[in-house]
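Chain letters run A, B, ... following the sequence lines, proteins first, then strands; residues in each count from 1.
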2 protein chains.
Amino acid sequence: MQKKSELQVFREYLQKNRLRYTQEREQIIKEIFATHDHFDVDTLYLTIRQKGIHISKASIYRLLPLLIEADLVQDVFFEDGHMHYEHIYGHEHHCHLRCIECGKIEEFSDPRLKDVERDLEERFGFKILSHKLDVKGLCPDCREKLKKMA
Amino acid sequence: MQKKSELQVFREYLQKNRLRYTQEREQIIKEIFATHDHFDVDTLYLTIRQKGIHISKASIYRLLPLLIEADLVQDVFFEDGHMHYEHIYGHEHHCHLRCIECGKIEEFSDPRLKDVERDLEERFGFKILSHKLDVKGLCPDCREKLKKMA
DNA sequence: AAGCTTAAAGCGAATCTTTATTAATAAGCG
DNA sequence: CGCTTATTAATAAAGATTCGCTTTAAGCTT
C-alpha cells in the first residue's frame with residue numbers, strides 16, 4: 001500500500017475543515033518537504049523567493065499552525081529569537097541532540113521515553129499526548145577544538 | 001555544612017568574571033527566588049514595580065543570561081510569545097509535564113533520562129551537558145471536562 | 001578615604017518576530 | 001458560470017528583546 005503524500009494529507013485536512021487548497025500553500029509545503037533540514041520562517045521565505053516565487057511572509061505564518069495541526073510539521077525549538085521547525089510526516093518520532101558550540105544537530109529516539117510517559121500517566125493521571133526531549137552538549141569536533149584551546 | 005545562598009553563588013560568579021554586584025541585580029534575584037513559581041520578564045518586572053522598586057526592564061533582560069550562565073536560573077519554555085523561566089539553584093533537576101488545556105504544570109524527574117544521556121554520549125561522541133524533557137498532555141480535570149463535553 | 005576606571009543602569013529608540021487589518025483575488029461549490 | 005467567502009499581499013500594529021547613549025556607581029588602587 002502506497003503511503004499518502006504530504007500534499008494529499010494536507011488536502012484531506014483542509015477538506016475536513018472546509019479550508020482551501022491554494023497555489024501558495026502548495027508551493028510552501030513543497031519547499032518545506034524538499035529537504036530534510038530544519039527551517040525557520042525567514043530562511044524558508046528567502047528560499048522560496050530565490051526561486052522567483054512570490055509569496056508573502058504572512059502566508060507562511062498563517063500556514064504553519066495548519067501544518068502543525070495536521071501533524072505534518074512540528075516546532076522544534078526556539079533559538080536566536082525565533083522558532084525553528086521541521087517536517088515530520090513520514091518520519092519516526094525523534095528527539096534532538098544539539099551542540100551548543102556549532103549548532104550541529106543529531107536526531108535520536110529511545111524506547112525508554114515511552115516508559116517514562118506511561119509512568120507519568122499513572123502517577124499524575126494525565127493523558128499524555130507528546131514528549132520532546134532536547135539534549136544539549138558538545139559534539140566530538142567541538143570537544144576536540146576546546147581541548148586544544150585550553 | 002551550610003549551603004551557599006543564591007546571592008553568594010551569584011557574587012562568586014560575578015567575581016570570577018570581573019562583573020559587578022549591583023543593588024538592582026540583588027533586588028531582581030531576591031524577587032526571582034522569593035517564590036517557587038515560574039516567571040516571565042514582564043510579570044517579574046511588574047512585581048518588582050509594585051513593591052515601589054524602580055528597575056528598568058532592560059536590566060532584567062541583561063541579568064537573565066548571567067543567571068542562566070551561573071546555573072541559578074533556566075529557561076523553561078517559550079509560550080504566549082515569550083520565554084518563561086524558573087530558578088533552579090537548590091532544586092533537584094526536574095522536567096515539566098504540562099496540560100495543553102489549562103496550562104497546569106507538574107514537575108518530575110526520572111533516572112532513565114541519565115541512562116539515555118549515557119547512551120547518547122557513547123553513540124554520538126557528544127559530551128552531554130543538559131537535557132530538557134517537555135511532556136504535554138491533558139490533566140485529570142481537563143480530561144473529565146472534555147469527556148463531558150463530547 | 002578619595003580618585004579612577006569602566007561595568008552597568010536608565011531611558012528611549014531600534015529591531016525582530018509574529019499577528020491583525022483591509023481591500024482585492026481566487027477556490028470550490030451549486 | 002456565478003456566488004460565497006477563505007486566502008492573499010501589503011501594510012500597519014503589537015509585543016518581545018536588544019542597542020546606543022548618557023549618567024551613575026562598583027570596586028580597585030593609591
Next on the checklist: Can you see if the side chain of B/S59 gets near the phosphate of C/dG10 - specifically, an N or O under 4.0 Å from OP1 or OP2?
Outcome noted: yes
Would you mind reading off the distance between [X] atom [atom1] and [N] atom [atom2], rounded to a whole angstrom?
| X | N | atom1 | atom2 | value |
| --- | --- | --- | --- | --- |
| B/L66 | C/dA7 | CG | P | 13 Å |
| A/Y45 | C/dT18 | OH | C1' | 14 Å |
| B/R18 | C/dT5 | CZ | P | 17 Å |
| A/D40 | C/dT18 | CG | P | 9 Å |
| B/E26 | C/dA9 | CD | P | 13 Å |
| A/I68 | C/dT18 | CD1 | P | 11 Å |
| B/R62 | C/dG10 | CZ | C1' | 7 Å |
| A/N17 | C/dG28 | CG | C1' | 16 Å |

Item to check | Within 45° cone of B/F126 ring axis and under 6.0 Å: A/R143 NZ or CZ | outcome: no
Checklist entry - Quick one: is the NZ or CZ of B/R98 closer than 6.0 Å to the six-membered ring centre of B/F77, and within 45° of its axis? => result yes
Next on the checklist: Check this for me: B/Q23, atom CD, are more than 12 non-hydrogen atoms of other residues, nucleotides or ligands nearer than 6.0 Å?
Outcome noted: no
With distance as the sole criterion, is a donor-acceptor pair present between the side chains of [X] and [Y] under 3.5 Å?
| X | Y | result |
| --- | --- | --- |
| A/H96 | A/D134 | no |
| A/Y21 | A/E26 | yes |
| A/H94 | A/E86 | yes |

Item to check | Aromatic plane relationship, A/H87 with A/F33 - under 30° parallel, 30 to 60° tilted, over 60° perpendicular | outcome: tilted
Item to check | Upstream residue (5' side of DNA chain C) when A/K57 and A/E24 are each assigned their closest nucleotide | outcome: A/K57
Checklist outcome for this item: Contacted region of DNA chain D by chain A, from 5' end to 3' end of the hits, cut-off under 4.0 Å to heavy atoms, spans D/dT4 to D/dA10
Item to check | Nucleotide nearest A/R20 (side chain, heavy atoms from C-beta), chosen from C/dT5, C/dA26, C/dT17 | outcome: C/dA26
Next on the checklist: Within the 4.0 Å heavy-atom criterion, would you say B/R25 contacts the bases, only the backbone, or no part of the nucleic acid?
Outcome noted: sugar-phosphate
Checklist entry - So which one's nearest nucleotide on DNA chain D is more toward 5', B/Q23 or B/M83? => result B/M83
